[in-house]
Colleague: 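The structure's right below; bear with me while I get my questions together.
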Amino acid sequence: MLILVIGGSGSGKSEYAERRCADLSSGKKLYIAAMEPHDEESVMRIARHRRMRDGRGFDTLECYTHLEQAAIASYDTILLECLSNLLANEMFSPDGRQDADQAAAAILNGVKRLTEWAVHVIVVTNQVFSDGVMYTPETELYRQCLARINREIAAAADEVAEVVHGIPVIIKGSS
């Protein structure tokens, strides 16, 4: 089962995704962390996420780029947190691809591989499309690429949920 969880910053999407993992599986769970610790804020966010999943039985794999090449053992449930960080890393970090089309293809291939390794895959992504702000061409290319990845994963997903103010709104499938 493939589940896509989308929401704005601070919406509660991570907490919801972790609860879904617990609901779906009592077996081995893997948390794939894509946020690179670039600054104090990201270090604090990573620490908060670690505390949130502490004691919930997750193994953690830090994977900032090249998800499609990750060596992952068999897991019952995999939680990928999150697509927006993974895409930013692929497009803007020295270890990534920088080309948006190549980055999108690699991420989509990586997610497809996850679905081959686990019974349940939950993918978290950000909703960054409704603020009405004009961005630089580079940032706009990133947003368009993330939208494309989100659409393709949503189309393949068994379930899609948008978390708004901590409340999951099921868009596709049922939880």
Side-chain angles (χ1 to χ4, degrees), residues 1-100 102-128 139 142-143 145-146 149-150 152-153 156-157 161 163:
M1 172 184 283
L2 176 60
I3 299 171
L4 180 65
V5 178
I6 188 167
S9 178
S11 66
K13 63 188 173 294
S14 298
E15 184 177 341
Y16 173 75
E18 290 175 18
R19 275 198 320 267
R20 287 295 285 138
C21 283
D23 292 345
L24 290 170
S25 171
S26 59
K28 285 181 65 174
K29 295 183 282 292
L30 176 65
Y31 183 101
I32 300 176
M35 179 181 276
E36 284 189 85
H38 287 296
D39 56 19
E40 187 176 328
E41 180 185 351
S42 60
V43 169
M44 289 172 41
R45 288 181 118 184
I46 290 167
R48 183 175 60 84
H49 279 259
R50 284 183 179 149
R51 284 191 306 273
M52 282 173 50
R53 67 180 183 272
D54 189 39
R56 293 188 175 186
F58 284 98
D59 292 337
T60 300
L61 171 66
E62 294 180 6
C63 182
Y64 308 132
T65 59
H66 303 286
L67 175 65
E68 79 287 0
Q69 296 175 7
I72 298 175
S74 180
Y75 282 88
D76 186 56
T77 303
I78 296 175
L79 171 57
L80 172 60
E81 173 87 30
C82 79
L83 284 179
S84 53
N85 286 320
L86 187 59
L87 178 60
N89 297 341
E90 287 287 1
M91 288 180 67
F92 305 118
S93 79
D95 295 333
R97 286 169 182 77
Q98 285 81 43
D99 178 84
Q102 289 177 359
I107 290 169
L108 290 167
N109 286 336
V111 171
K112 184 174 187 282
R113 285 188 69 212
L114 296 181
T115 65
E116 295 166 0
W117 291 329
V119 177
H120 308 289
V121 176
I122 300 176
V123 177
V124 177
T125 190
N126 279 303
Q127 202 293 48
V128 295
T139 301
Y142 163 83
R143 286 169 24 106
C145 190
L146 182 61
I149 294 168
N150 286 351
E152 291 192 32
I153 293 175
V163 180

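Values below: every heavy atom of this structure, side chains too, minus hydrogens, waters and symmetry copies.
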Colleague: Could you tell me whether the side chain of Lys29 and the main chain of Cys21 form a donor-acceptor pair under 3.5 Å?
Modeller: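 Checking the backbone N and O of Cys21 against the side chain of Lys29, no donor-acceptor pair under 3.5 Å is found.
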Colleague: Kindly give the heavy-atom pair with the smallest separation between Cys145 and Ala100, and that separation in Å.
Modeller: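 Taking Cys145 first and Ala100 second, the nearest heavy atoms are SG-O, 3.4 Å.
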Colleague: Evaluate side-chain contact (heavy atoms from CB on, under 4.5 Å) for Leu83 paired with Val124, printing each intermediate quantity in order.
Modeller: CA-CA 6 Å; Leu83 284 179; Val124 177; over 6 Å; no
Colleague: Does some side-chain heavy atom of Leu30 sit less than 4.5 Å from a side-chain heavy atom of Leu79?
Modeller: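 The answer is no; the side chains never approach within 4.5 Å.
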Colleague: Could you go through Val123 and Glu81, starting from their C-alpha distance and side-chain angles, then the distance that decides it, and tell me whether this counts as side-chain contact (heavy atoms from CB on, under 4.5 Å)?
Modeller: CA-CA 6 Å; Val123 177; Glu81 173 87 30; over 6 Å; no
Colleague: How far apart are the C-alpha atoms of Ile32 and Leu114, what are their side-chain angles, what is the distance that settles it, and do they pass the side-chain contact (heavy atoms from CB on, under 4.5 Å) test?
Modeller: CA-CA 10 Å; Ile32 300 176; Leu114 296 181; 3.7 Å; yes
Colleague: Is Glu90 reaching over with its side chain to a backbone N or O of His66, donor-acceptor style, under 3.5 angstrom?
Modeller: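 Yes: the side chain of Glu90 pairs with the backbone of His66.
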Colleague: Strictly distance-based, threshold 3.5 Å: is any side-chain N or O of Arg20 a donor or acceptor partner for the main-chain N or O of Ile122?
Modeller: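 Absent.
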Colleague: Rounded to the nearest 0.5 Å, what separation is found between the CG atom of Leu86 and the CD1 atom of Ile107?
Modeller: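 Leu86 CG to Ile107 CD1: 4.0 Å, rounded to 0.5 Å.
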Colleague: Treating Asp76 as the side-chain partner and Ala118 as the backbone partner, does any N or O pair qualify as donor plus acceptor under 3.5 Å?
Modeller: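 Absent.
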Colleague: Would you indicate whether the side-chain heavy atoms of Ile3 and Leu24 approach each other to under 4.5 Å?
Modeller: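 In contact.
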Colleague: Ignoring hydrogens and geometry beyond distance, is a side-chain donor-acceptor pair present between Asn85 and Tyr64 at under 3.5 Å?
Modeller: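 There is no such pair (donor and acceptor under 3.5 Å, judged by atom type) between the side chains of Asn85 and Tyr64.
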Colleague: Any donor-acceptor pair under 3.5 Å linking the side chain of Tyr142 with the backbone of Ser84?
Modeller: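 Indeed, once roles are kept as given, a pair shorter than 3.5 Å links the two residues.
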Colleague: Spell out, as yes or no, whether a donor-acceptor pair under 3.5 Å connects the side chain of Thr115 to the backbone of Lys112.
Modeller: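 Such a contact is found between Thr115 side chain and Lys112 backbone.
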Colleague: For side-chain contact (heavy atoms from CB on, under 4.5 Å), just list the numbers for Val5 and Val163, CA-CA rounded to whole Å, side-chain angles, deciding distance to a tenth of an Å, and then say yes or no.
Modeller: CA-CA 7 Å; Val5 178; Val163 180; 3.9 Å; yes
Colleague: Please report the closest heavy-atom contact between Trp117 and Ala70, naming both atoms and the distance.
Modeller: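 Closest approach of Trp117 to Ala70: CH2-O, 3.2 Å.
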Colleague: What's the shortest heavy-atom distance between Ser25 and Thr77, and which atoms?
Modeller: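 Nearest heavy atoms, Ser25 then Thr77: CB-OG1, 2.9 Å.
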Colleague: Hey, are Asn150 and Thr125 close enough side-chain-wise for a donor-acceptor pair under 3.5 Å?
Modeller: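 Yes - a donor-acceptor pair under 3.5 Å links their side chains.
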